[in-house]
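Here is the naming used below: chain letters follow the sequence lines, and residue numbers restart at 1 for every chain. Since we're looking at a predicted model, the values are computed, not measured.
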Amino acid sequence: MTTETLFRTRGVLGVGALDVARLDLRLRRRATLSYAVGLALYTLAVVAIYPSFKGDTSLDKLVQSDPTMMAAFGVTGSLTSPEGWLNANIFNNFLPVVAVIVAIGYGAWCVAGQDEAGTLAPVAALPVTRRNLVLQKTGALVVQLLPTMVLTFCCVLLGRFFQLDVSGVRLVAATFSIWLLGVGFGLLALVVGVGAGSRGLAIGVSSAVAAAAYLISSFASTISWIRPARFVSPFYWAVGANPIGDGVAASNIAALVGLAVLLLVAAVVTMRRADLH
Amino acid sequence: MPMTDAVSASRLTKTFGSRRGVVDVDLRVRRGEVFGFLGPNGAGKSTTIRLMLGLYRPTAGEITVLGRDPLLDGVAMRAKVGYLPGELALFPRLTGREHLEWFSRARAMRSTTYRDELVERFTVELDRPVRALSKGNRQKIGIVLAFMHRPELLVLDEPTSGLDPLLQDEFAQLLRETAADGRTVFLSSHELDEVQRIADRVAIIREGRIVVTDGVEQLRRSAPRTVEFVFEREVDPGAFSGVDGVRLIENVDHRMRLAFSGAIAPLLRVAAELEPVDMTARAADLEELFLTYYRDDARTTEVGR
Ligand SMILES: Nc1ncnc2c1ncn2[C@@H]1O[C@H](COP(=O)(O)OP(=O)(O)OP(=O)(O)O)[C@@H](O)[C@H]1O
Ligand SMILES: [Mg+2]
């Protein structure tokens with residue numbers, strides 16, 4: 001394809017299919033990489049100290065003595081099995097929480113935040129539809145969670161050298177569902193931000209929803225009256241059970257995908273009616 | 001295809017909850033003219049401009065820009081429009097060059113020759129992050145971003161804010177060239193003076209409503225000027241009651257300020273009889289201009305009527 005025809009195609013489509021996404025990723029580059037590196041270092045540490053805790057039965061007794069308290073930190077079941085160790089230290093808590101924080105931060109900033117800062121108007125004044133803007137920003141959301149996910153995944157794989165031998169398939173499924181979880185909360189923040197026209201409100205509301213969902217998921221196994229609520233918690237869908245040991249059910253992954261699609265539709269609809277400054 | 005107006009709005013209304021934005025705005029901007037949009041703070045200039053670009057949804061009324069509906073057909077319209085926002089915000093960490101390159105790419109510009117000419121002409125600082133630039137230097141980047149793709153219509157919200165007088169002249173020159181090229185400029189401003197210097201026609205907006213739309217020449221002719229006479233003694237303003245188009249603004253300490261429109265000779269004849277010791281005259285400012293369209297404003301009284 002010559003440059004000439006390339007330009008003409010881009011002209012017809014309006015703003016190049018990826019320009020806005022590229023710009024946002026560029027602007028968030030530093031934050032994205034910091035989170036990814038931070039989480040990778042944490043994961044490496046968790047993996048590397050496993051051999052010294054492996055035989056420590058007192059840890060499991062601790063969990064048995066106060067299961068509710070431990071559940072608040074996402075710890076259920078055996079801590080000393082490879083699966084239990086990874087669940088309790090990474091997949092039930094740290095990784096999903098960081099993914100959700102990164103995603104909410106971007107979701108709230110990418111429209112509401114940029115609009116409040118005044119930088120969205122020059123972009124929205126380009127030949128681009130509102131739908132295209134939302135799709136590109138969703139694309140940027142999906143992509144910027146990748147480094148964290150992939151790096152963490154790779155670091156967990158290194159566990160093979162530290163007696164942490166777990167199913168690769170389940171590892172992939174767990175990481176993938178956490179990634180979807182992040183995308184869902186990022187889109188929630190985007191929708192609230194566009195609807196309310198406020199980045200602060202977007203962060204507040206989606207963090208509150210995320211915290212509630214996290215607590216429901218964590219306590220579902222130990223507090224009986226919370227147990228029925230687990231089915232409304234996306235955290236539960238993703239990592240509520242024993243993701244590394246049992247894997248994540250396909251139906252749960254489907255629910256996470258469905259939620260993200262629903263929120264994406266909501267984002268496009270709200271964005272079309274929004275006043276931008 | 002017959003050439004439509006560059007902008008045409010009828011009964012365009014935008015409210016924010018119970019707050020007024022603009023009410024029943026009628027506008028026609030012809031192709032190839034420089035159109036000034038004049039009004040004090042909070043009058044509704046930026047609101048109208050955002051409606052033109054499809055950034056705001058109208059509450060009621062209609063608007064077409066380059067013959068297209070900004071909401072239904074905004075992509076095709078915005079491809080031919082250049083926009084300079086009122087309080088221009090750029091991405092603080094990116095440099096001017098990075099801005100120009102990103103926007104050129106996003107607009108799929110075939111050539112950057114004109115863009116680079118503009119950069120040279122306005123001596124745009126390209127290599128520092130924009131957060132390290134002065135307001136004027138950021139504004140220059142905004143000007144290049146608005147003009148670089150040679151749009152058919154330029155929508156400029158207070159474009160000269162922050163520019164020094166030399167650059168304001170250069171900018172006025174750029175507007176004249178743009179219009180001579182058959183393209184259209186729509187610009188908002190607080191300053192009657194500025195608009196008179198560069199616009200062909202003017203609309204004045206006040207409290208969300210268009211007060212008048214007219215050619216700059218006609219406006220100038222009908223616009224009041226302010227004359228101040230200094231006398232040695234107290235003088236009765238009633239002396240001017242016979243002169244058409246004169247209005248008293250104030251009369252204190254032997255100083256009498258009058259607003260008048262029309263020819264000055266009859267006024268001078270009457271004034272000469274009263275033996276003033278000094279006189280100054282100047283063009284009306286925006287606020288005084290509004291008063292001529294709001295004759296019943298409480299702060300002024302008609303002389304002798
Ligand atoms: N997003 C908004 N939400 C609420 N009110 C708004 C909004 N945008 C504008 N307004 C109101 O609409 C009116 C017109 O504002 P606008 O910004 O159009 O004025 P302006 O003529 O551009 O003023 P200035 O010269 O100060 O830029 C103001 O009273 C303002 O408070
Ligand atoms: Mg304004």
Side-chain angles (χ1 to χ4, degrees), chain A residues 1-31 109-111 113-133 135-136 194 196-197 199 269-277, chain B residues 14-17 21 46-47 49-59 65 68 70-94 98-99 101-111 130-131 138 141-142 145-146 149 151 154-155 157:
Chain A
M1 194 192 271
T2 65
T3 10
E4 186 68 4
T5 52
L6 179 67
F7 278 141
R8 218 177 293 136
T9 333
R10 289 168 60 89
V12 171
L13 292 174
V15 166
L18 293 172
D19 286 324
V20 176
R22 258 189 341 116
L23 176 66
D24 276 11
L25 287 171
R26 161 86 208 273
L27 295 171
R28 296 273 297 184
R29 192 167 54 195
R30 216 186 299 172
W109 170 78
C110 70
V111 179
Q114 290 189 13
D115 193 40
E116 282 175 328
T119 53
L120 189 61
V123 175
L126 291 169
V128 60
T129 60
R130 296 283 176 93
R131 186 182 59 190
N132 186 338
L133 277 181
L135 291 178
Q136 292 204 48
V194 176
R199 176 183 178 216
V269 172
T270 0
M271 186 68 169
R272 279 208 178 124
R273 341 183 105 257
D275 284 339
L276 303 180
H277 309 94
Chain B
K14 176 69 184 175
T15 53
F16 303 94
S46 300
T47 303
I49 283 174
R50 292 187 184 117
L51 287 163
M52 286 166 55
L53 288 154
L55 295 175
Y56 282 176
R57 275 179 168 264
T59 310
V65 176
R68 297 171 193 271
L71 293 182
L72 299 179
D73 212 359
V75 172
M77 178 272 283
R78 287 191 293 268
K80 297 175 179 179
V81 172
Y83 172 46
L84 178 63
E87 290 114 39
L88 176 69
L90 300 167
F91 297 99
R93 288 215 296 264
L94 302 188
E98 286 167 329
H99 277 88
E101 271 162 17
W102 188 81
F103 279 93
S104 308
R105 212 185 125 100
R107 284 205 177 267
M109 273 166 50
R110 284 147 197 259
S111 151
V130 297
R131 67 154 173 239
R138 270 185 311 228
I141 296 174
L145 291 178
H149 53 298
L154 284 133
V155 179
D157 199 352

Under a 4.5 Å heavy-atom cut-off, does chain A meet the side chain of B:L94, its backbone, both or neither? side chain
List the steps and the verdict of salt bridge (charged side-chain N to carboxylate O under 4.0 Å, His left out) for B:R57 and A:D275. CA-CA 6 Å; B:R57 275 179 168 264; A:D275 284 339; over 6 Å; no
Taking the side chain from B:R107 and the backbone from A:P127, do they hold a donor-acceptor pair closer than 3.5 Å? no
How long is the span from the CG atom in A:D24 to the CZ atom in B:F91, to the nearest 0.5 Å? 7.0 Å
Restricting to non-hydrogen atoms, name the atom on B:L55 and the atom on A:A121 that form the minimum distance, rounded to 0.1 Å. CD1-CB, 4.3 Å
Under 4.5 Å from a heavy atom of chain A, the part of B:Y83 involved: side chain
Give, as side chain, backbone, both or neither, the part of B:R93 having an atom under 4.5 angstrom from any heavy atom of chain A. side chain
Checking A:A117 against chain B: side chain, backbone, both or neither under 4.5 Å from a heavy atom? backbone
Spatial distance of atom CZ (B:R105) from atom CG (A:L23) [nearest 0.5 Å]: 11.5 Å
Just verifying a value: how many Å separate A:H277 NE2 and B:Y56 OH, rounded to the nearest 0.5 Å? 3.5 Å
Sort B:K80 into side chain, backbone, both or neither according to what part of it lies under 4.5 angstrom from a heavy atom of chain A. neither
Among A:N132, A:V128, A:T129, A:L126, the one residue meeting side chain to side chain contact (heavy atoms under 4.5 Å, CB included) with B:V75: A:T129
Looking only at A:A274, A:G118, A:A125, most heavy-atom pairs under 4.5 Å shared with chain B are made by A:A125
Ignoring hydrogens and geometry, is there a side-chain-to-backbone donor-acceptor pair from B:R78 to A:A124 under 3.5 Å? yes
Any sub-3.5 Å donor-acceptor pair from B:W102's side-chain atoms to A:R22's backbone N or O? no
Cut-off 4.5 Å, heavy atoms of chain B, and the answer for A:R273 is both
